[in-house]
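Below is one structure, written out as C-alpha coordinates; comments come after it.
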There are 2 protein chains.
Amino acid sequence: MIKVLPIFSSVESQVDFSKYELQFKALADQKRLQIMYELTQKGSVCVCDLVDIVNMPQSKLSYHLKILLDANLITKETKGTWSYYELNHEEVNRLLSPELCCIFRKSENQSSGCCS
Amino acid sequence: MIKVLPIFSSVESQVDFSKYELQFKALADQKRLQIMYELTQKGSVCVCDLVDIVNMPQSKLSYHLKILLDANLITKETKGTWSYYELNHEEVNRLLSPELCCIFRKSENQSSGCCS
DNA sequence: GGATTAAATCAAATTATTTTGATTTAATTA
DNA sequence: TAATTAAATCAAAATAATTTGATTTAATCC
(Lines give C-alpha, C1' and ligand atoms only; values in the text may rest on other atoms or scores of the structure.)
Protein backbone atom coordinates (compact mmCIF):
# COMPACT_ATOMS: atom_id res chain seq x y z
CA MET A 1 0.00 0.00 0.00
CA ILE A 2 1.42 3.33 -1.07
CA LYS A 3 0.69 6.33 1.07
CA VAL A 4 0.26 9.52 -0.88
CA LEU A 5 1.24 12.51 1.20
CA PRO A 6 -0.39 15.86 0.46
CA ILE A 7 1.89 18.28 -1.32
CA PHE A 8 1.92 21.86 -0.11
CA SER A 9 2.91 24.60 -2.51
CA SER A 10 4.54 26.49 0.36
CA VAL A 11 5.43 26.15 4.01
CA GLU A 12 2.23 25.75 6.01
CA SER A 13 1.75 27.48 9.33
CA GLN A 14 2.32 25.12 12.27
CA VAL A 15 0.19 27.15 14.64
CA ASP A 16 -3.59 27.10 14.78
CA PHE A 17 -4.65 30.70 15.02
CA SER A 18 -8.43 30.17 14.99
CA LYS A 19 -8.83 30.58 18.76
CA TYR A 20 -6.79 33.77 18.72
CA GLU A 21 -8.76 35.08 15.78
CA LEU A 22 -11.96 34.62 17.79
CA GLN A 23 -10.52 36.36 20.84
CA PHE A 24 -8.96 39.25 18.96
CA LYS A 25 -12.19 39.72 17.05
CA ALA A 26 -13.97 40.06 20.37
CA LEU A 27 -11.40 42.63 21.50
CA ALA A 28 -11.52 44.50 18.20
CA ASP A 29 -14.35 46.82 19.13
CA GLN A 30 -14.39 49.94 21.28
CA LYS A 31 -17.83 49.19 22.67
CA ARG A 32 -16.77 45.75 23.83
CA LEU A 33 -13.52 47.09 25.29
CA GLN A 34 -15.61 49.61 27.21
CA ILE A 35 -17.90 46.83 28.46
CA MET A 36 -14.82 44.96 29.66
CA TYR A 37 -13.53 48.10 31.29
CA GLU A 38 -16.78 48.69 33.17
CA LEU A 39 -16.84 45.07 34.33
CA THR A 40 -13.32 45.63 35.61
CA GLN A 41 -14.39 48.70 37.57
CA LYS A 42 -17.65 47.34 38.91
CA GLY A 43 -16.79 43.68 39.37
CA SER A 44 -19.98 41.73 38.74
CA VAL A 45 -22.73 43.58 36.90
CA CYS A 46 -26.17 42.51 35.73
CA VAL A 47 -27.33 43.31 32.22
CA CYS A 48 -30.13 45.57 33.44
CA ASP A 49 -27.55 47.87 35.10
CA LEU A 50 -24.98 47.56 32.34
CA VAL A 51 -27.54 48.88 29.87
CA ASP A 52 -27.38 52.26 31.63
CA ILE A 53 -23.67 52.15 32.34
CA VAL A 54 -22.67 51.68 28.72
CA ASN A 55 -25.77 53.42 27.39
CA MET A 56 -26.85 50.77 24.91
CA PRO A 57 -30.14 49.20 23.92
CA GLN A 58 -30.62 45.84 25.62
CA SER A 59 -30.54 43.66 22.51
CA LYS A 60 -27.40 45.35 21.28
CA LEU A 61 -25.68 44.85 24.62
CA SER A 62 -26.80 41.22 24.64
CA TYR A 63 -25.21 40.74 21.22
CA HIS A 64 -21.87 42.14 22.34
CA LEU A 65 -21.88 40.25 25.62
CA LYS A 66 -22.36 37.03 23.71
CA ILE A 67 -19.32 37.74 21.57
CA LEU A 68 -17.19 38.38 24.66
CA LEU A 69 -18.61 35.30 26.35
CA ASP A 70 -17.94 33.06 23.35
CA ALA A 71 -14.38 34.32 23.35
CA ASN A 72 -14.11 33.37 27.03
CA LEU A 73 -13.17 36.92 27.96
CA ILE A 74 -16.08 37.28 30.38
CA THR A 75 -18.15 34.88 32.46
CA LYS A 76 -21.86 34.78 33.22
CA GLU A 77 -23.82 33.76 36.28
CA THR A 78 -27.61 33.61 36.25
CA LYS A 79 -29.61 34.39 39.38
CA GLY A 80 -33.31 34.10 38.75
CA THR A 81 -34.16 36.45 35.93
CA TRP A 82 -30.92 38.35 36.30
CA SER A 83 -27.66 37.65 34.47
CA TYR A 84 -24.46 38.81 36.08
CA TYR A 85 -21.37 39.19 33.96
CA GLU A 86 -17.79 39.39 35.13
CA LEU A 87 -14.40 39.80 33.49
CA ASN A 88 -12.42 36.59 33.04
CA HIS A 89 -9.17 37.94 34.40
CA GLU A 90 -7.33 34.68 33.95
CA GLU A 91 -8.00 34.59 30.23
CA VAL A 92 -7.34 38.31 29.78
CA ASN A 93 -3.99 37.87 31.53
CA ARG A 94 -3.19 34.88 29.36
CA LEU A 95 -3.78 37.00 26.27
CA LEU A 96 -2.70 40.55 26.94
CA SER A 97 0.52 42.19 28.07
CA PRO A 98 0.89 43.31 31.69
CA GLU A 99 0.64 46.87 30.39
CA LEU A 100 -2.72 46.22 28.78
CA CYS A 101 -4.04 43.93 31.50
CA CYS A 102 -3.52 46.94 33.68
CA ILE A 103 -6.37 48.74 32.02
CA PHE A 104 -8.56 45.83 33.00
CA ARG A 105 -7.52 45.78 36.63
CA LYS A 106 -8.91 47.83 39.52
CA SER A 107 -6.50 50.49 40.82
CA GLU A 108 -6.25 48.93 44.31
CA ASN A 109 -5.01 45.70 42.72
CA GLN A 110 -2.47 47.24 40.37
CA SER A 111 0.50 46.62 42.66
CA SER A 112 0.49 42.88 41.99
CA GLY A 113 3.01 42.08 39.30
CA CYS A 114 2.31 44.51 36.49
CA CYS A 115 1.27 48.16 36.30
CA SER A 116 4.65 49.44 37.46
CA MET B 1 -21.64 84.31 31.18
CA ILE B 2 -23.04 80.98 32.23
CA LYS B 3 -21.19 77.86 31.19
CA VAL B 4 -23.47 74.97 30.42
CA LEU B 5 -21.71 71.70 31.05
CA PRO B 6 -22.72 68.67 29.05
CA ILE B 7 -24.77 66.18 31.01
CA PHE B 8 -23.97 62.51 30.59
CA SER B 9 -26.69 59.95 31.17
CA SER B 10 -24.13 57.52 32.55
CA VAL B 11 -20.49 57.26 33.55
CA GLU B 12 -18.30 57.81 30.52
CA SER B 13 -15.24 55.68 29.86
CA GLN B 14 -12.02 57.46 30.81
CA VAL B 15 -9.89 55.39 28.48
CA ASP B 16 -9.58 55.93 24.74
CA PHE B 17 -9.80 52.52 23.17
CA SER B 18 -9.58 53.58 19.53
CA LYS B 19 -5.89 52.68 19.15
CA TYR B 20 -6.48 49.27 20.69
CA GLU B 21 -9.49 48.70 18.48
CA LEU B 22 -7.30 49.32 15.44
CA GLN B 23 -4.59 46.96 16.68
CA PHE B 24 -6.93 44.16 17.74
CA LYS B 25 -8.75 44.46 14.42
CA ALA B 26 -5.44 43.91 12.70
CA LEU B 27 -4.80 40.84 14.88
CA ALA B 28 -8.33 39.52 14.39
CA ASP B 29 -7.62 37.53 11.27
CA GLN B 30 -5.95 34.17 10.80
CA LYS B 31 -4.31 35.21 7.54
CA ARG B 32 -2.73 38.23 9.15
CA LEU B 33 -1.60 36.22 12.17
CA GLN B 34 0.02 33.80 9.78
CA ILE B 35 1.76 36.64 7.97
CA MET B 36 3.09 37.85 11.32
CA TYR B 37 4.19 34.33 12.15
CA GLU B 38 6.09 33.97 8.88
CA LEU B 39 7.76 37.35 9.40
CA THR B 40 8.80 36.08 12.83
CA GLN B 41 10.33 32.95 11.34
CA LYS B 42 12.00 34.57 8.35
CA GLY B 43 12.96 37.96 9.76
CA SER B 44 12.74 40.43 6.92
CA VAL B 45 10.79 39.31 3.87
CA CYS B 46 9.95 41.04 0.62
CA VAL B 47 6.43 40.95 -0.74
CA CYS B 48 7.44 38.99 -3.83
CA ASP B 49 8.62 36.11 -1.60
CA LEU B 50 5.82 36.44 0.92
CA VAL B 51 3.29 35.89 -1.86
CA ASP B 52 4.55 32.31 -2.18
CA ILE B 53 5.08 31.75 1.52
CA VAL B 54 1.53 32.60 2.50
CA ASN B 55 0.11 31.56 -0.86
CA MET B 56 -1.91 34.68 -1.58
CA PRO B 57 -2.49 36.85 -4.61
CA GLN B 58 -0.34 39.95 -4.53
CA SER B 59 -3.11 42.52 -4.17
CA LYS B 60 -4.69 40.60 -1.35
CA LEU B 61 -1.40 40.34 0.50
CA SER B 62 -0.81 44.03 -0.06
CA TYR B 63 -4.19 44.78 1.51
CA HIS B 64 -3.44 42.74 4.63
CA LEU B 65 0.09 44.12 4.97
CA LYS B 66 -1.33 47.62 4.94
CA ILE B 67 -3.68 46.78 7.79
CA LEU B 68 -0.81 45.39 9.87
CA LEU B 69 1.38 48.37 8.96
CA ASP B 70 -1.31 50.89 9.90
CA ALA B 71 -1.65 49.13 13.24
CA ASN B 72 2.12 49.48 13.72
CA LEU B 73 2.49 45.72 14.12
CA ILE B 74 4.95 45.45 11.25
CA THR B 75 7.44 47.80 9.63
CA LYS B 76 8.37 48.35 6.01
CA GLU B 77 11.63 49.18 4.28
CA THR B 78 11.80 49.89 0.59
CA LYS B 79 14.88 48.95 -1.45
CA GLY B 80 14.47 49.88 -5.07
CA THR B 81 11.37 48.14 -6.34
CA TRP B 82 11.32 45.74 -3.40
CA SER B 83 9.46 46.21 -0.14
CA TYR B 84 10.75 44.36 2.89
CA TYR B 85 8.44 43.82 5.81
CA GLU B 86 9.42 42.93 9.36
CA LEU B 87 7.58 42.26 12.60
CA ASN B 88 7.52 45.18 15.03
CA HIS B 89 8.54 43.16 18.06
CA GLU B 90 8.46 46.17 20.38
CA GLU B 91 4.82 46.89 19.64
CA VAL B 92 3.82 43.23 19.71
CA ASN B 93 5.47 42.91 23.13
CA ARG B 94 3.70 46.03 24.33
CA LEU B 95 0.37 44.53 23.35
CA LEU B 96 0.48 40.79 23.92
CA SER B 97 1.22 38.54 26.87
CA PRO B 98 4.62 36.84 27.14
CA GLU B 99 2.82 33.59 26.33
CA LEU B 100 1.48 34.99 23.07
CA CYS B 101 4.55 37.01 22.19
CA CYS B 102 6.27 33.66 22.31
CA ILE B 103 4.50 32.59 19.16
CA PHE B 104 5.99 35.57 17.46
CA ARG B 105 9.54 34.91 18.56
CA LYS B 106 12.15 32.70 16.95
CA SER B 107 12.93 29.57 18.95
CA GLU B 108 16.58 30.52 19.52
CA ASN B 109 15.44 33.74 21.20
CA GLN B 110 12.78 32.21 23.41
CA SER B 111 15.00 32.03 26.48
CA SER B 112 14.90 35.77 27.07
CA GLY B 113 12.22 36.58 29.61
CA CYS B 114 9.15 34.75 28.42
CA CYS B 115 8.50 31.36 26.85
CA SER B 116 9.31 29.43 30.03
C1' DG C 1 13.58 55.53 -24.40
C1' DG C 2 11.01 51.04 -24.11
C1' DA C 3 10.38 46.77 -21.71
C1' DT C 4 10.18 44.50 -17.38
C1' DT C 5 9.27 43.79 -12.64
C1' DA C 6 7.51 44.87 -7.81
C1' DA C 7 4.06 46.55 -5.26
C1' DA C 8 0.26 49.78 -4.36
C1' DT C 9 -4.27 51.30 -5.54
C1' DC C 10 -8.88 51.10 -7.37
C1' DA C 11 -13.72 49.87 -8.18
C1' DA C 12 -17.03 46.30 -8.10
C1' DA C 13 -18.63 42.11 -6.14
C1' DT C 14 -18.84 39.32 -2.25
C1' DT C 15 -19.02 38.23 2.46
C1' DA C 16 -19.21 39.33 7.36
C1' DT C 17 -20.56 42.12 11.18
C1' DT C 18 -23.53 45.22 13.53
C1' DT C 19 -27.79 47.56 14.49
C1' DT C 20 -32.65 47.83 15.10
C1' DG C 21 -37.10 46.80 16.78
C1' DA C 22 -40.07 43.07 17.59
C1' DT C 23 -40.76 38.67 19.56
C1' DT C 24 -39.80 34.85 22.63
C1' DT C 25 -38.37 32.56 26.80
C1' DA C 26 -38.40 32.11 31.40
C1' DA C 27 -38.40 33.55 36.15
C1' DT C 28 -40.82 36.36 39.63
C1' DT C 29 -44.59 38.72 41.73
C1' DA C 30 -49.29 40.08 42.75
C1' DT D 1 -53.15 32.27 36.84
C1' DA D 2 -52.21 36.75 34.86
C1' DA D 3 -49.10 40.45 34.76
C1' DT D 4 -44.46 41.97 35.01
C1' DT D 5 -39.64 42.01 34.35
C1' DA D 6 -34.95 40.45 32.58
C1' DA D 7 -32.53 38.86 29.00
C1' DA D 8 -31.95 36.12 24.77
C1' DT D 9 -33.13 35.48 20.06
C1' DC D 10 -34.71 36.57 15.48
C1' DA D 11 -35.08 38.59 10.88
C1' DA D 12 -34.36 42.53 8.14
C1' DA D 13 -31.73 46.56 7.21
C1' DA D 14 -27.58 49.00 7.48
C1' DT D 15 -22.47 49.07 7.71
C1' DA D 16 -18.05 47.39 7.29
C1' DA D 17 -14.45 44.30 5.76
C1' DT D 18 -12.56 41.31 2.28
C1' DT D 19 -11.72 39.49 -2.26
C1' DT D 20 -10.93 39.87 -7.09
C1' DG D 21 -8.93 41.30 -11.29
C1' DA D 22 -7.47 45.27 -13.64
C1' DT D 23 -4.88 49.39 -13.57
C1' DT D 24 -1.36 52.52 -11.94
C1' DT D 25 3.01 53.92 -10.07
C1' DA D 26 7.64 53.71 -9.91
C1' DA D 27 12.16 51.63 -10.00
C1' DT D 28 15.39 48.83 -12.74
C1' DC D 29 17.42 46.86 -16.77
C1' DC D 30 18.47 46.47 -21.60
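Residue numbering restarts at 1 for every chain, and letters A, B, ... go by the order of the sequence lines. All values derive from a computational prediction rather than experimental measurement.
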* **Salt bridge E91(A)-K19(A), side-chain N to carboxylate O under 4.0 Å** => yes

* Are L100(B) and L22(B) connected, step by step, through hydrophobic side chains (Ile, Leu, Val, Met, Phe, Trp, Tyr) whose heavy atoms are closer than 4.5 Å? -> no

* Structure fact -> Hits for side chain to side chain contact (heavy atoms under 4.5 Å, CB included) against E86(B), two or more places apart or cross-chain, chain-then-number order -> S44(B), T75(B)

* Asked: Where does the chain B footprint on DNA chain D start and end, counting 5' to 3' with a 4.0 Å heavy-atom cut-off?
  -> dA17(D) to dT28(D)

* Asked: Can you check whether N93(B) reaches F104(B) side chain to side chain, under 4.5 Å on heavy atoms?
  -> no

* **Dot-bracket notation for DNA chain D, counting Watson-Crick and G-U pairs under 3.5 Å, with | for partners on another strand** => ||||||||||||||||||||||||||||||

* To do: With sequence neighbours left out, write down each residue that passes side chain to side chain contact (heavy atoms under 4.5 Å, CB included) with V45(B), or none if nothing qualifies.
  => L39(B), K42(B), D49(B), L50(B), I53(B)

* **Over all atoms of both residues, closest heavy-atom pair of L33(A) and E21(B)** => CD1-N, 4.1 Å

* Could you give all pairs that pass the salt bridge (Lys or Arg N to Asp or Glu O under 4.0 Å) test and reach residues 72-82 of chain A, with sequence neighbours left out? -> none

* **Euclidean distance, atom CG of residue D29(A) to atom C1' of dT19(C) [Å, nearest integer]** => 12 Å

* Structure fact -> Residues passing the side chain to side chain contact (heavy atoms under 4.5 Å, CB included) test with K66(A), sequence neighbours excluded, are D70(A)

* Which of residues 58-66 of chain A sit near DNA chain C, with a heavy atom under 4.0 Å from it? -> S59(A), K60(A), Y63(A), H64(A)

* Verify the cluster assignment for L69(A) and I35(A): are they in a single hydrophobic cluster under the rule of side-chain heavy atoms below 4.5 Å apart? => yes

* **With S18(B) via side chain to side chain donor-acceptor pair (under 3.5 Å) - residues at least two apart** => D16(B)

* Do the side chains of K25(A) and L27(B) get nearer than 4.5 Å, heavy atoms only? -> no

* For K31(A), which residues count as a side chain to side chain contact (heavy atoms under 4.5 Å, CB included) partner, sequence neighbours excluded? -> D29(A), M56(A), K60(A), H64(A)

* Structure fact -> What residues 18-27 of chain A contributes to the DNA chain D interface at heavy-atom separation below 4.0 Å is none

* With the 4.5 Å side-chain cut-off for hydrophobic clustering, are I103(A) and I74(A) part of the same group? -> yes

* Asked: Residues from residues 67-84 of chain A sitting under 4.0 Å of DNA chain C, heavy atoms only?
  -> I67(A), G80(A), T81(A)

* In the hydrophobic cluster built from side-chain contacts under 4.5 Å, what are the other members alongside W82(A)? -> Y84(A)

* Asked: So, N72(B) versus R94(B): side-chain donor-acceptor pair below 3.5 Å or not?
  -> no

